[in-house]
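As the structure is a computational prediction, the values presented were derived from the model and not from experiment.
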Amino acid sequence: MSCSLGLLKSFSQRYIDLVGQFENQKLLSSSYQRQLLDIFSHNEGLLQEMKNCFEEHKKCHRQYIELLHKQSEREQRLDYIHFQINEIQNLDPSLEDEKNLIQKKSQLIHFEKNQQFYHQISHHLRGDHQSTGLLESFKTLKSIMSKNTTSSAHFMDEVIEIEERLENILSEIESKIEDEYAEEDLELILDRLDLYQKIKQKFAGTTESILQSLNQFLKEKDMIENIEEDLSSLKNIVSLKEEQLKICARKIHDKRFKYSKILAKELTSIVNHLKMEGATIKISVEEGDDIHDHGSDKIHFVAETNKGEGYFPIKNIASGGELSRILLAVRKLLSVHDSISIFLFDEIDTGIGGETAFHIGEALANVAQSGQVIAITHLPQIAKF
């Protein structure tokens, strides 16, 4: 089975610790020193709470900044939104309306043929300069009857009444035909369908998407118009999250400060036992101004190798062998709690011998109680363990 170098490195960093003349430099990292103190202080729960609170604060703060940005562009954005809303509302789109327009367009697609039909009907009803229509023929018939001396006055009154009724009937037929085949209807329908197509191209190509976009624009318009109220509300939430962060960071600081004294005392005892007599280790825990997902503390391991010389950062005073012994002391205390379960000690015996080597061997054996220890050494006092 094979794996990538990146995967192997990631796995190794989590589960394997390489301790040697160069690898022990990780002890000099402030982040690693903080991690060691948190392991010893059993801060897992508080750190998870801190991380959650930090993420919530970051999310709210990001929303607040985005809203501030929108406020600065408020008028320009509102102009754009108003334009889009007006364009859509002027069309007043609906699925039913579009369907009806398409049906009417289909009915009127042969408009010229329908116009010819209308003119034929009108010709037969009204006539033109070439022929006499139905109404004119009836008037001619009435004139002939009126000249007939045998026609009574009562009969002629009835004929005139029939003529009036015929006039009304013809007018009603013409009106219905004009309504059915009016030329302007088709033009309006085509214009409206063209407007549908134009707006659909702007909003994902469907009438449904036009309506969805309209709803989104209306919601955004409402949000922008009420942006001051939302900003005030978000600002209060951000302030509340900041207070929660400070409280959580303070809890972590207090616990770190308490356990730093205990850890420093136990590390001092162990390094003294590893023949660093007179050495004293202290852990500095200082609250900083900036809060991160791990708190606000600046943590430094400091040491005094000889009594009265003063305390300095470990990296400034410890040799490679001393660093290895200090890290071995850390491992002896924390190996039970750390995710690392394989420890590779590479020539931790450099510059030592005799009884010191024996004590280092004992310490390695102690670490081996809670993990796998691999030691590369030239000294039998270590190898025997």
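For the pair Q84 and K221, the minimum side-chain heavy-atom distance is 4.5 Å or more. I283 places none of its side-chain heavy atoms less than 4.5 Å from the side chain of R256.
In this structure, D230 has no side chain to side chain donor-acceptor pair (under 3.5 Å) partners at least two apart in sequence or on a different chain. By the salt bridge (charged side-chain N to carboxylate O under 4.0 Å, His left out) test, E309 is found to be paired with no residue, residues two or more places apart in sequence or in another chain being considered.
Judged purely by atom type and a 3.5 angstrom limit, N90 uses its side chain to pair as donor or acceptor with the backbone of N86. Between the side chain of R192 and the main chain of L91, a donor-acceptor pair closer than 3.5 Å is present.
Within 6.0 Å of the NZ atom in K235, the count of heavy atoms belonging to other residues, nucleotides or ligands does not exceed 12. Few gaps surround NZ on K202; more than 12 heavy atoms of other groups in view lie less than 6.0 Å from it.
If you run side chain to side chain donor-acceptor pair (under 3.5 Å) between N52 and each of E56, Q48, E49, only Q48 comes through.
Summarising the geometry, atom CG belonging to L344 is positioned 5.0 Å from atom CD1 belonging to I376; distances are rounded to the nearest 0.5 Å. Between the CD atom of E304 and the CZ atom of F312 there is a distance of 8.5 Å, given to the nearest 0.5 Å. Considering CD1 of I299 and CG of D38, their distance stands at 6.0 Å, rounded to 0.5 Å.
Neither side chain, Q216 nor K219, offers a donor N or O lying under 3.5 Å from an acceptor on the other.
Ring geometry for H57 versus H61: interplanar angle under 30°, hence parallel rather than tilted (30 to 60°).
Listed by first and then second residue, the ring pair (Phe, Tyr, Trp, His ring centres under 6.0 Å) pairs that reach into residues 231-263 come to none, sequence neighbours excluded.
Ion pairing of R250 with E287 is present here, as a side-chain N (NZ or NE/NH1/NH2) and a carboxylate O approach within less than 4.0 Å. A salt bridge between K58 and E55 is present, with a side-chain N of the basic residue lying under 4.0 Å from a carboxylate O of the acidic one.
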